[in-house]
Amino acid sequence: MGYERKWTRRKFIRSSAAAATALPLAAKSMRLRAATAAPPACVFSPEQEEGPYYLDRELLRSDITEGTVGVPLRVRITVVNAKTCAPIPNAALDIWHCDAGGVYSGYTKINPGGPGGGPGPGGMPPKPHTTDDLVFLRGVQITDSQGIAEFKTIYPGHYPGRVNHIHMKVHVGGGATKPAAADSAHPGAAVYSGGHVAHTGQLFFPEDVSRFVEATHPYSGHKIHRTTLDQDMVFHGQGGAGSVAKLTPTTSTQLSDGYVATLVVAVDPEAVPRLVGFGGPPRRR
């Protein structure tokens with residue numbers, strides 16, 4: 001027994017010495033691999049159609065609810081450089097979407113359930129005329145040093161031919177300014193101007209969550225047929241699978257208390273992509 005313990009101890013010392021010699025070599029090898037590894041590659045977020053309801057109002061604000069009723073939603077988007085994966089600070093993230101009943105501000109007199117009432121096959125023209133000066137569920141935020149912009153809004157509803165979604169644009173090279181004409185509904189509000197649009201896209205939601213939300217008030221009172229992700233022309237025809245947000249419930253007890261939607265949008269800040277045609281395929285960069 002004594003011999004066996006002595007032999008095991010000598011073996012342990014030899015093994016430890018070998019390990020001590022190998023560790024610096026392994027660490028050096030890891031450093032070499034890290035130094036020579038290719039930089040991370042990001043996937044471009046697909047360009048998707050602007051849709052017919054964009055308004056160039058560009059109000060700088062994080063809370064865009066303006067009293068609209070629906071399941072609370074915080075949208076947290078990180079904008080990164082698709083070539084380097086580095087965050088893009090000081091970019092303007094511009095979002096807009098419909099309310100729980102499928103209505104967009106600026107177009108509230110258009111009945112989304114009536115004849116030719118919404119985008120899609122047989123729907124209204126790509127650019128209907130505005131009917132009012134409202135701007136609920138529209139706003140712009142400047143990304144912080146980590147490339148993050150966040151909004152307080154509600155879960156969007158649906159309208160004929162489209163699944164629940166949020167439109168977005170990424171502007172770069174501009175900045176905040178005061179509008180030439182005062183907005184009586186938003187006195188003192190700054191707007192974003194200048195620069196160029198580096199990306200136009202849409203944000204989608206997991207189908208099971210949208211189904212759950214649509215069964216709650218006030219969405220459940222909306223009798224228009226709902227298009228699913230599988231049926232949505234933009235989702236399938238314009239690369240929407242990479243634009244589905246990750247949703248996290250704000251509470252563990254009541255899902256209708258709301259969600260946080262997070263998404264990374266990868267763009268080329270130097271590019272000025274052409275707009276995707278209405279109902280058309282994504283443009284190649």
TODO: Check the surroundings of atom CG in Asp133: do more than 12 heavy atoms from other residues, nucleotides or ligands lie under 6.0 Å from it?
DONE: no
TODO: Kindly say whether Glu49 contributes a backbone atom to a donor-acceptor pair with the side chain of Gln202 at under 3.5 angstrom?
DONE: yes
Open item on the list: Side chains of Asp232 and Thr227 only: does a donor on one sit below 3.5 Å from an acceptor on the other?
Closed with: no
Open item on the list: For His196, I'd like to know if atom NE2 has over 12 heavy atoms of other residues, nucleotides or ligands within 6.0 Å.
Closed with: yes
Open item on the list: Strictly below 4.0 Å, N to O, side chains only: are Arg138 and Glu66 in salt-bridge contact?
Closed with: no
Task: OG1-CG distance between Thr262 and Leu247, expressed to the nearest 0.5 angstrom - done: 7.5 Å
Open item on the list: For a ring pair (Phe, Tyr, Trp, His ring centres under 6.0 Å) check, start with the C-alpha distance between His165 and His97, then their side-chain angles and the critical distance, and finish with the verdict.
Closed with: CA-CA 7 Å; His165 64 282; His97 64 87; 8.9 Å; no
- [ ] Could you tell me which residues satisfy side-chain contact (heavy atoms from CB on, under 4.5 Å) with Val244, sequence neighbours excluded, listed by chain and number?
- [x] Phe204, Pro206, Phe235
Open item on the list: Just by distance, no angles: are the side chains of Glu150 and Gln141 close enough, under 3.5 Å, to form a donor-acceptor pair?
Closed with: no
Task: Phe136/Tyr104 aromatic ring centres below 6.0 Å - done: no
TODO: Side-chain contact test, heavy atoms from C-beta onward, threshold under 4.5 Å: evaluate it for Leu203 versus Ile77 and give yes or no.
DONE: yes
Open item on the list: With no hydrogens and no angle check, just 3.5 Å: does a side-chain donor-acceptor pair link Gln231 and Arg226?
Closed with: no
Open item on the list: Please tell me whether Glu50 and His167 have a donor and an acceptor in their side chains that are separated by less than 3.5 angstrom.
Closed with: no
Task: Polar contact flag, side-chain donor to acceptor under 3.5 angstrom, Lys169-Thr200 - done: yes
- [ ] May I ask you to check whether Thr65 and Asp63 show a side-chain donor-acceptor distance below 3.5 Å?
- [x] yes
Open item on the list: Could you check whether Tyr259 and Phe205 have their ring centres less than 6.0 Å apart?
Closed with: no
Task: Ring centroid separation His171 to Tyr192 under 6.0 Å - done: yes
Task: Under 3.5 Å side-chain donor-acceptor pair for Tyr53 and Ser105 - done: no
Task: Nearest heavy-atom neighbours spanning Ser243 and Gly239 - done: OG-O, 4.2 Å
Task: Side-chain touch His186/Val135, heavy atoms, less than 4.5 angstrom - done: yes
- [ ] In sequence, state the C-alpha distance, the side-chain angles, and the governing distance for Thr250 and Asp257, and then conclude on side chain to side chain donor-acceptor pair (under 3.5 Å).
- [x] CA-CA 7 Å; Thr250 44; Asp257 285 344; 5.7 Å; no
